[in-house]
> 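Shown below is the structure under consideration.
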2 protein chains.
Amino acid sequence: MTHLLLAGFPGTDAPAVGRMLAARLRLPFLDAMTLDAEGMAALIADETSAVVTVDGALLTAPDTLELARRAGPLVRLIAGAMTPSRRAGARTGTRPEQKVAEPLAKMREMLESRQSAIPPGDIEVDAMTLEPVEAVEQVLDWLNQVRVHLGERAYDIRIADGCHADVGPFLARLPERVSSVVLISHRSVYRHYGDAVRAGIEAAGLPCHALSVPAGERYKSLQTAGRLYGDLIQRKVDRQAVIVALGGGVIGDLAGFVAATYERGIRFVQVPTTLLAQVDSSVGGKVGVNHPLGKNMIGAFLQPRGVFIDPRTLDTLAVRELRSGIAEVVKYGVIADGDFFGFLESHVDHLLRREPLAITHIIRRSCQIKARVVEQDEREANLRAILNYGHTTAHAVETYTAYERYTHGEAVAVGMVVAARIAHALGLLKAEPVHRITRLLERFGLPTHLPKADPGVLMSLMDTDKKAVAGQVRFVLPTRIGEAQLVDTVPNDVLRRAIKESLEL
Amino acid sequence: MTHLLLAGFPGTDAPAVGRMLAARLRLPFLDAMTLDAEGMAALIADETSAVVTVDGALLTAPDTLELARRAGPLVRLIAGAMTPSRRAGARTGTRPEQKVAEPLAKMREMLESRQSAIPPGDIEVDAMTLEPVEAVEQVLDWLNQVRVHLGERAYDIRIADGCHADVGPFLARLPERVSSVVLISHRSVYRHYGDAVRAGIEAAGLPCHALSVPAGERYKSLQTAGRLYGDLIQRKVDRQAVIVALGGGVIGDLAGFVAATYERGIRFVQVPTTLLAQVDSSVGGKVGVNHPLGKNMIGAFLQPRGVFIDPRTLDTLAVRELRSGIAEVVKYGVIADGDFFGFLESHVDHLLRREPLAITHIIRRSCQIKARVVEQDEREANLRAILNYGHTTAHAVETYTAYERYTHGEAVAVGMVVAARIAHALGLLKAEPVHRITRLLERFGLPTHLPKADPGVLMSLMDTDKKAVAGQVRFVLPTRIGEAQLVDTVPNDVLRRAIKESLEL
């Protein structure tokens with residue numbers, strides 16, 4: 001089961017923090033400080049989600065650490081990180097209030113920089129300097145928020161039950177004045193969540209225009225954008241307005257493109273309601289529309305001012321859309337975090353059952369991984385392209401089947417298997433991880449075979465994908481579970497063979 | 001007549017520099033170092049363009065300075081600016097080669113920072129430290145190039161006869177690889193200049209696709225952009241390609257918008273061939289298309305990598321288009337540089353005759369003024385809006401007449417008069433400058449009256465213009481010739497009266 005593990009190190013009262021945290025999260029609390037590694041393994045296999053405190057010393061063994069990280073979010077409660085700063089403060093006679101403020105600021109900085117490595121992993125909280133109630137707040141902040149560090153374009157992704165109500169107050173607090181809010185959504189999405197978002201916006205004193213867009217990838221077009229521009233002009237929406245995208249990836253990409261180009265760019269906020277949008281398209285600032293000759297060929301980079309994810313929106317999501325979102329989640333495990341991949345292997349049933357702690361964990365970890373990649377390469381000069389794992393083939397498959405047979409996530413699942421096979425054929429990846437990737441996708445009910453097609457046709461459709469550099473098709477190839485690289489030089493015969501091996505019977 | 005004045009200060013051999021400069025520019029040289037202020041005034045009235053050296057001491061009198069600046073480009077040849085640096089270098093035992101390199105770099109820096117004030121004015125060249133041949137190069141650099149300082153988005157505007165041939169070599173030298181070049185133009189423009197630009201690109205070893213767009217503002221649309229995206233996709237144009245816009249403002253805005261949005265943004269270069277595009281739309285990074293409900297409502301900010309202006313393209317420009325461009329040139333004088341306005345008053349005939357030194361001077365000075373404004377406010381948070389002087393009314397007039405009766409520049413001319421009248425009604429501007437503005441526009445053959453229309457209709461059309469903030473119409477109002485400010489609070493009755501006064505009979 002998914003657990004929130006608190007690993008207590010000497011000098012911290014982990015059970016005190018754990019008990020308060022469990023109460024805040026409405027989860028059972030288990031004090032397992034005295035368990036050994038074996039006992040911890042047994043407890044992790046337990047079928048009830050809980051906040052569990054374990055002995056931090058157990059994590060020094062790599063096996064136990066991996067096990068712990070496969071169980072869910074991992075918090076290390078440590079002591080002493082602040083002690084040197086405090087002493088320094090005392091020596092130089094700093095004023096009393098700075099004794100608290102400085103170490104806190106430094107700690108935040110330290111935590112943020114530690115979090116900026118890939119994989120993003122778990123956090124450390126100083127449970128000696130902080131009161132338990134402060135430590136609990138810090139853990140909750142970490143659980144509920146992922147910051148995307150992009151200088152003046154930095155923003156927070158909020159991941160919390162009921163956070164749709166926070167959109168209005170957030171907009172009202174923006175540093176630059178908001179004249180009006182344009183809520184762009186799809187009718188059926190609006191029926192579920194529109195009123196709550198709109199009520200929050202209007203309660204914050206902001207006028208709100210609600211606009212509806214038909215559902216479906218084919219409406220992610222210049223024509224629909226043109227209609228939306230007209231709606232904005234007719235409503236006299238000005239440059240101080242903010243667009244709020246409420247819906248899945250189509251809504252986010254389309255509304256974001258309109259925000260990027262209406263009056264040369266206005267602000268926007270993402271409120272994604274599908275798993276795919278929550279873990280992928282709403283983070284990172286890629287917005288755009290399709291052209292009849294190619295998907296996502298028209299677009300821009302526009303970072304949202306904020307992203308609001310309520311994991312409960314997934315309760316009403318069609319199971320096929322849930323699985324499709326999970327395909328992108330598996331992708332993050334493969335390219336950046338082997339332990340997270342292990343978590344997914346251990347939680348297939350829980351995720352398909354939409355167990356809240358597990359769902360929240362995959363959203364947060366996916367957003368963290370994507371945020372860290374985007375921070376290092378916002379405009380996809382290089383590194384960011386690893387997020388396209390599975391996508392070279394996926395776009396060819398989607399074009400070939402006219403976007404009708406596969407969802408995007410399903411096409412990505414197939415593409416990940418093809419890429420893993422190419423990696424194996426090139427000697428970059430062993431056979432066992434190819435099998436693990438394929439097996440995990442199958443367990444999630446995702447397709448792992450290409451549609452019956454001439455391999456040459458699929459290959460030619462890869463050419464027009466925009467990841468191609470100078471006519472060369474670019475592949476992201478895993479080198480182990482948790483690591484991938486860009487390869488521009490996949491020989492045609494290797495590609496052809498991998499496609500043939502992946503065709504459905 | 002337009003003269004290139006070299007004001008020699010003590011310690012410089014101005015005639016030596018002037019003689020070489022005149023030879024390079026193929027202009028007569030006049031040594032007038034011994035003339036007094038009265039003699040200088042007589043000489044400036046002379047009808048032959050020339051490089052003229054005058055006594056720098058004359059410029060200490062404001063009257064003579066103004067007179068000199070109205071004559072054309074003004075270069076101050078000074079001595080001694082470098083002396084302290086040289087001494088410092090000698091004291092600290094700097095290596096010999098640094099003795100030259102350091103002061104030169106410092107001088108460039110100093111010159112650039114002095115140039116960054118508004119109005120951009122004239123330059124200083126150290127004619128003692130530099131050899132005459134170096135001083136000449138520096139003056140030519142200044143005459144032929146305007147740098148837009150925008151950090152990592154900085155670029156040069158090259159203004160020189162025959163510079164279309166430089167586009168290819170420039171692209172080949174870009175730091176990031178160019179896979180291909182897409183030359184977007186209009187058939188009749190391509191016929192004049194396309195082959196020269198294309199030959200330079202291909203001689204530089206770059207593949208070049210030439211695409212044609214129909215002429216006219218109504219083709220600056222999402223539909224035309226959609227067609228161009230399709231052309232690019234079919235030609236497998238990738239993210240390493242560069243778009244070159246060859247033509248007037250419609251071509252530049254449209255091709256720039258396609259560059260800003262194709263595959264989320266590729267690089268682009270402007271080669272403007274109309275005066276309007278050369279002094280306005282090609283500089284500053286505003287790109288976009290029209291919506292049936294409003295002009296320029298869809299767009300982005302994308303700075304070009306370079307701008308190449310050949311003033312000889314104006315030789316073949318229709319006279320009505322020349323006058324239209326001059327309207328924007330007059331705008332720069334009104335909002336930022338009274339002396340430049342004076343130059344225009346003294347050179348109406350020369351400009352309409354397309355006298356080369358006068359034409360080059362207005363292009364350069366306009367680009368300088370626009371560059372200095374854009375550097376301070378790239379995304380039009382505030383200051384940049386002063387460039388919209390005349391435009392609030394212009395857009396209403398263009399919409400009212402369905403873009404058929406007035407060119408953009410003609411509509412701006414009318415709008416400038418309306419704004420000047422509003423400024424006068426509000427007590428911000430005296431009557432005499434209102435008259436000077438109106439008179440100068442008339443002398444250039446530009447309209448200064450609104451079409452017969454109901455003032456209320458024109459006022460309502462101003463509302464949808466995107467310069468409106470929170471529903472309030474924003475005006476740029478001159479406060480004297482050479483200075484303007486933004487006013488959001490023009491009372492409706494003042495606006496209505498200014499419109500009525502400006503209606504044609």
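Per chain, numbering begins at 1; letters A, B, ... match sequence-line order.
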> Between B:Ala260, B:Gly230, B:Ala225, B:Gly288, which residue shows the highest count of heavy-atom pairs closer than 4.5 Å to chain A?
B:Gly230

> Can you confirm whether A:Arg267 is buried at CZ, in the sense that more than 12 heavy atoms of other residues, nucleotides or ligands lie under 6.0 Å from that atom?
yes

> Hey, which of A:Ala241, A:Gly294, A:Gly226 has the most heavy atom pairs under 4.5 Å with chain B?
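Looking at each of A:Ala241, A:Gly294, A:Gly226 in turn, A:Gly226 comes out on top.
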
> At what distance, to the nearest 0.5 angstrom, does CD of A:Gln223 lie from CD of B:Gln223?
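Those atoms lie 7.5 Å apart.
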
> With a 4.5 angstrom heavy-atom cut-off, is it the side chain or the backbone of B:Val289 that approaches chain A, or both, or neither?
neither

> Is it true that atom CZ of A:Arg218 has more than 12 heavy atoms of other residues, nucleotides or ligands lying nearer than 6.0 Å?
no

> Within this structure, what is the CZ-CG distance for the pair A:Arg264 and B:Asn296, rounded to the nearest 0.5 Å?
5.0 Å

> What distance separates B:Asn290 CG from A:Tyr229 OH, expressed to the nearest 0.5 Å?
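If we round to the nearest 0.5 Å, B:Asn290:CG and A:Tyr229:OH are 12.5 Å apart.
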
> What is the distance from atom CG of B:Asp231 to atom CG of A:Leu293, rounded to the nearest 0.5 Å?
9.5 Å

> Give, for atom CG of A:Leu222 and atom CD1 of B:Ile298, the distance between the pair rounded to the nearest 0.5 Å.
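Rounded to the nearest 0.5 Å, the CG-CD1 separation comes to 9.0 Å.
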
> Any idea which heavy atoms bring A:Glu380 and B:Arg239 closest together, and the distance?
O-NH2, 3.4 Å

